[in-house]
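Structure first, then comments.
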Amino acid sequence: MFDRVWLNAYLATMDGPEDAPLGLVQDGAVAVREGRIAYVGPRAGLPGPAADTIDCDGAWILPGLIDCHTHLVFGGDRSGEFQQRLQGASYEQIAQAGGGILSTMRATRAADDAALLAAAAGRLRGLVAEGATTVEIKSGYGLDLATEMKMLRVARALGSAEGVGVVTALLAAHAVPPGFPGGSDAYVDAVVREMIPAAARSGLADAVDAFCEGIAFSPAQTARVFEAARAAGLPVKLHADQLSDLGGAMLAARSGALSADHLEHANAHGLRAMAEAGTVAVLLPGATYFLREPRLPDIAAMRDCGLRMALATDMNPGSSPLRSLLLALNLGCTLFRLTVSEALLGVTRHAAAALGLTDRGLLRAGARADLALYRIHQPAELCYWIGGNPCIGRVVGGE
């Protein structure tokens, strides 16, 4: 006896062969027992009854969507900087003048847990309404121990409050706080000796991230952060090669990173090393669009080496105030020329891999029963429409 069965549905399992990776099933059924998928396939093959049966009336069922790169916990906003960019200022110029990440740092430090939770919940609900069942949330706007821990606490609380799986990443190595004694090397010392051990002891961080860039941290400094993360038993991720090629893709590969994110300037050698290491490329077209960056990730090189590509919003107040994973699908296809299959795998199966999750992102017996239901005629519509939301329901852990 199953706990629950969804019938009369089209399925996109994300578990098909290489030449048909969406794994489409007509007149399909999904059965759940104890929060896990017990059967997925044609309705005619369903092996038994269920305590609860739902007729989907021809809707499509996909794995619950996964936004594998967000910064959605923060204080304030940066709409004023948006105006500056419209008048010609670059992202780097704004950052060097004390804006950018540092302006959000001040607002985030000033906000208490309740204020951060309320603001972030509003942003998260938009993703949930579109079918997201797992969201990664990074810290990185505190840049001191107390505020980084506060951000991670709020991220954990969001998952319980909003009915969504939350995966956290400590991004204390995001920027150097102004006036920090000893500069960037001394700040990396604080990240390595205080913040990473505290995040690991508390259980608030699932991974450690860093921003390897000329306006942030060097490859050598990033390597120190990664060494400390490994010593604390935490996997690593990297903001890599966004504004320049500092060899971030290669560093991520050599460090066994779960993912390297952005990659606009990554070279083919580094991308191939990522593919060989199993590191996932996370593409963030919202930042490319919002910053009007002319340089695009080398998608052809990624395809040539078989690199798995995930797709995410990068929701943040400065470079990608993108609050829609469905719009990220469209941007990934229109800006980066991803295929529909690549884009949809990027917010399901490959997004799960970018977070080190093996129990979701596809419809398969044994996987966590995270589903998203859509009133569409074919999966391509999720990438095609600009605006609108065809999601008619979510299932998280079978509920």
Side-chain angles (χ1 to χ4, degrees), residues 68-69 71 91-92 95-96 100-102 105 136 138-145 148 151-152 168-177 180 182-200 205-267 269-274 276-282 284 287 297 312 314 316 318-319 354-356:
C68 64
H69 184 129
H71 306 252
Y91 183 76
E92 294 93 329
Q96 290 166 358
I101 292 169
L102 300 183
M105 176 203 76
E136 190 241 30
K138 303 178 189 296
S139 67
Y141 294 127
L143 308 183
D144 62 19
L145 177 59
E148 291 292 304
M151 293 183 69
L152 294 174
T168 58
L170 175 71
L171 183 57
H174 200 191
V176 181
F180 194 89
S184 61
D185 283 332
Y187 179 67
V188 170
D189 287 341
V191 172
V192 165
R193 296 172 184 172
E194 300 174 19
M195 299 188 203
I196 291 175
D206 298 313
V208 170
D209 201 339
F211 186 19
C212 183
E213 192 52 74
I215 62 172
F217 298 95
S218 70
Q221 291 169 328
T222 301
R224 289 189 58 209
V225 172
F226 283 180
E227 289 168 6
R230 285 192 294 270
L234 294 172
V236 299
K237 304 168 66 68
L238 186 62
H239 285 60
D241 302 330
Q242 179 184 7
L243 305 174
S244 61
D245 183 2
L246 291 185
M250 181 62 73
L251 175 60
R254 289 174 175 168
S255 302
L258 292 173
S259 73
D261 305 27
H262 283 293
L263 299 171
E264 287 87 340
H265 291 261
N267 61 66
H269 187 54
L271 296 175
R272 184 168 296 279
M274 285 175 55
E276 293 171 353
T279 299
V280 179
V282 177
L284 305 171
D314 191 20
N316 75 75
S319 63
L355 299 178

* What are the two closest non-hydrogen atoms of Ala169 and Asp209, and how far apart are they? -> CB-CB, 4.4 Å
* **Distance (rounded to the nearest 0.5 Å) between Leu271 CG and Thr279 OG1** => 11.0 Å
* Stepwise side chain to side chain contact (heavy atoms under 4.5 Å, CB included) check, Val188 with Phe217 -> CA-CA 9 Å; Val188 170; Phe217 298 95; 3.7 Å; yes
* To do: For residues Leu145 and Ala198, report the shortest heavy-atom separation together with the two atoms involved.
  => CD1-CB, 3.7 Å
* Would you say His174's side chain and Gly140's backbone share a donor-acceptor pair under 3.5 angstrom? -> yes
* Check the pair Asp241 / His262 against side chain to side chain contact (heavy atoms under 4.5 Å, CB included), numbers first and verdict last. => CA-CA 7 Å; Asp241 302 330; His262 283 293; over 6 Å; no
* Asked: Looking at Ser218 and Cys212, what are the two nearest heavy atoms and their distance?
  -> C-SG, 4.0 Å
* Spacing of CE belonging to Met105 relative to CG belonging to Asp144, to within rounding of 0.5 Å -> 8.0 Å
* Asked: Sub-3.5 Å donor-acceptor pair from the side chain of Glu148 to the main-chain atoms of Leu143, do we have one?
  -> yes
* Asked: How close do Pro177 and Leu102 get, heavy atom to heavy atom, and via which atoms?
  -> CA-CD2, 4.3 Å
* Please round to the nearest 0.5 Å and tell me the distance separating atom CE of Met274 and atom CG of Leu251. => 11.0 Å
* Supply the atom-to-atom distance Glu136 CD to Leu258 CG, rounded to the nearest 0.5 angstrom. => 9.5 Å
* Go through the steps to decide whether Met151 and Lys138 satisfy the test side chain to side chain contact (heavy atoms under 4.5 Å, CB included), and finish with yes or no. => CA-CA 8 Å; Met151 293 183 69; Lys138 303 178 189 296; over 6 Å; no
* Considering all heavy atoms, the nearest Leu171-Phe211 contact -> CD1-N, 4.2 Å
* Structure fact -> What one should report as the nearest heavy-atom pair of Ala240 and Ala249 is CB-N, 4.1 Å
* Between the side chain of Asp261 and the main-chain N/O of Val282, is any donor-acceptor distance below 3.5 Å? -> no
* Asked: Between OG of Ser139 and CE of Met195, what distance do you get to the nearest 0.5 Å?
  -> 9.0 Å
* Would you find more than 12 non-hydrogen atoms of other residues, nucleotides or ligands less than 6.0 Å from Arg230 atom CZ? -> yes
* Is there any side-chain hydrogen bond (donor to acceptor under 3.5 Å, both in side chains) pair reaching into residues 186-197, and which pairs are they, with sequence neighbours excluded? -> Asp189-Arg224
* Has the side chain of Glu213 got a donor or acceptor atom that lies under 3.5 Å from a matching backbone atom of Leu243? -> yes
* Asked: In Å and rounded to the nearest 0.5 Å, what is the CE to OG distance from Met250 to Ser255?
  -> 11.0 Å
* Residues which pass side-chain contact (heavy atoms from CB on, under 4.5 Å) with Asn316, listed by chain and number, not counting sequence neighbours -> His71, Tyr141, Asp314, Ser319, Ser320
